[in-house]
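Everything below concerns the one structure shown next.
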Amino acid sequence: MRVAVVGVGQTKFDEHWEKSLRDLSTEAGAIALRDSGIDGKDIQSLYIGNMSAGRFIGQEHLAALAVDQAGLIPIPATRCEAACASSALAFREAYFSILSGEYDIVMAAGAEKMTDLKGTDAIATLMGAGDQEWESAIGLTFAGLYALIARDHMQKYGTTREQMAMVSVNNHRNGVLNPLAQFPAEITVEKVLKSPLISDPLRLLDCSPITDGAAAVILVSEKIAKRFENPIWILGSGQASDTLALHHRKSMTELVATKVAAKKAYEQAGLKPKNIDLAEVHDCFSINEIIAIEDLGFCDKGKGGKFVEDGKIARDGEKPINPTGGLKSIGHPVGATGVRQIADVVKQLRGEYGNLQVKDARFGLALNIGGSGATSVVNIFGRDKPK
Amino acid sequence: MRMPHKSSVPLFWRLKDSKYRLIGSRCTTCKEVFFPKKNLCPVCRRRGSIEDMQFNGNGRIVSYTIVRVPPEGFEKYAPYAVAVIDLEEGARVSGQVVGNITKVRTGKQVRTVFRKIHEDGSDGLINYGLKWEIAE
Ligand SMILES: [Zn+2]
């Protein structure tokens, strides 16, 4: 049994003062349905990723609310949570629900409304994804955790401050052309290095922003996919876990969960890192894109900074990374990011991404990470139907 | 917004062995040491045998950062230094390093001190716990 994605939708990622979480999730779902041509009444089940609506807006029981708002009652609705990797989990559950033979047409979505809270409350809410007793309790933040990782990577491998800045520069250069991006503006290395320190050595322009937004995709069984002109096939899907607290890992310069998830996804797809034509990776902080490049096998451990510096990650480079802008430029509504990445990979593989198009893209990969790497999800997609 | 984890008396009472007395665990089956205390050895699982172990509070900084944009509740302490510390006995922990933040460096020896971590508003708990100071 094979499963394909036949519809994708994303709201603009932004500070949406005028829109609620329910508005955003309905909007993304409607765009995905329109894109697919499928009628809402044919959706058999919904899986939605959301990290922390309970703390961001006081609303739990989100999945039922989403089908309620979308007029899809009484289909089953399930919420998935793994911090910033929540919607990649929703996507996998949707995938498995079709693989199981239970359903043929399922929606996977992700949504987050973050800007109703003031900044320090939003930072504390995000730290709910860290170890409450031993990380959050001492005043650590996610910028702090990734700063600890960044310093260790610099110490061990000589990764430079400039190389990390180049990640942000690359992603903003791509995001300029993305009409759905929160910050579609070019930046320079100098600008990154002069932006305020958030948690040394990370500066403001190393960090993805706080964002509202939603994304949705529609998955169908092989049988249904026959009706579609341009289905994009799921070739491999891997997920893995690691210790919740960063300090409990033997190494802070690799995310073992990413390596394990990637190995599984590559094996299922029958592909090697060199076969991947583009990747949407989790650049919540610039250092994390460098580590992702290494852990996905695009270069050796410790060489990610050089890989970036050599321009290989550009949209027309050897290995386009975040060709649509990444979390840095598009924005990072945490629970929506995983499905947003998948929607972007699908658009690339359809070959209809206009100015953002990576040339001749056949195979694409999406990497979504929760917390400081305690959850990692890798999905690989292909243009042609696998055997 | 008041964070429940900061105003819960039982939570602090429950963690008192590790947070105030530096007690971790050792698995007598595989000899692995853990900080804080655990009730299951993740290496041996049910075959393991966990016992309390007193840590001496000495360690070495392996990475550090200066938190300049703090979460809710930590505003008045920023900027502050946080380090990942290799404990002499062999486990790792994160902790705030007190004193002059410009003196914090990877490789420095540190030892524990008992300090105020955080106050939950004017009527909430005053949370004390472990911090670290440079020992050399
Ligand atoms: Zn053991």
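So that the names make sense, note that chain A is the first sequence line, chain B the second, and so on, each numbered from 1. It should be emphasised that the depicted structure is a prediction, and the values quoted were computed from it without experimental measurement.
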Worksheet item: Between the main-chain N or O of A:A245 and the side-chain N or O of A:T243, is there a donor-acceptor pair closer than 3.5 Å?
Response: yes
Worksheet entry | Donor-acceptor side-chain pairing of A:E294 and A:H153 below 3.5 angstrom | yes
Fill in: Side-chain H-bond candidate by donor/acceptor type, A:S168 with A:S286, under 3.5 Å
no
As an exercise: rank [options] by heavy-atom pairs under 4.5 Å with chain B and give me the winner.
{"options": "A:T141, A:I198, A:D152", "result": "A:I198"}
{"options": "A:A150, A:G144, A:A147, A:G139", "result": "A:G139"}
{"options": "A:L197, A:L202, A:L246, A:I149", "result": "A:L197"}
{"options": "A:R151, A:R249, A:H248, A:E135", "result": "A:R151"}

Against chain A, label [X] side chain, backbone, both or neither, depending on which of its atoms sit under 4.5 Å from a heavy atom there.
{"X": "B:L15", "answer": "side chain"}
{"X": "B:K131", "answer": "neither"}
{"X": "B:Y80", "answer": "side chain"}

Worksheet, complete the sentence: The interface call for A:K156 against chain B, heavy-atom contacts under 4.5 Å, is neither
Worksheet item: At a heavy-atom separation under 4.5 Å, does A:Q155 approach chain B through its side chain, its backbone, both, or neither?
Response: side chain
Let me check something: any side-chain donor-acceptor pairs from residues 110-117 of chain B under 3.5 Å, sequence neighbours excluded? List them with distances.
residue, atom, partner, partner atom, Å
B:R111, NE, B:E133, OE2, 3.0
B:R111, NH2, B:E133, OE2, 3.4
B:K116, NZ, B:E119, OE2, 2.5

Fill in: Residue pair A:I290, A:V167: steps toward the side chain to side chain contact (heavy atoms under 4.5 Å, CB included) verdict
CA-CA 8 Å; A:I290 289 174; A:V167 169; 3.8 Å; yes
Discussion item. Working note: A:E254 + A:K301, criterion salt bridge (Lys or Arg N to Asp or Glu O under 4.0 Å); need CA distance, chi angles, decisive distance, verdict.
Written reply: CA-CA 8 Å; A:E254 61 178 354; A:K301 184 43 73 184; 5.3 Å; no
Worksheet item: Does NZ belonging to B:K16 count more than 12 external heavy atoms closer than 6.0 Å?
Response: yes
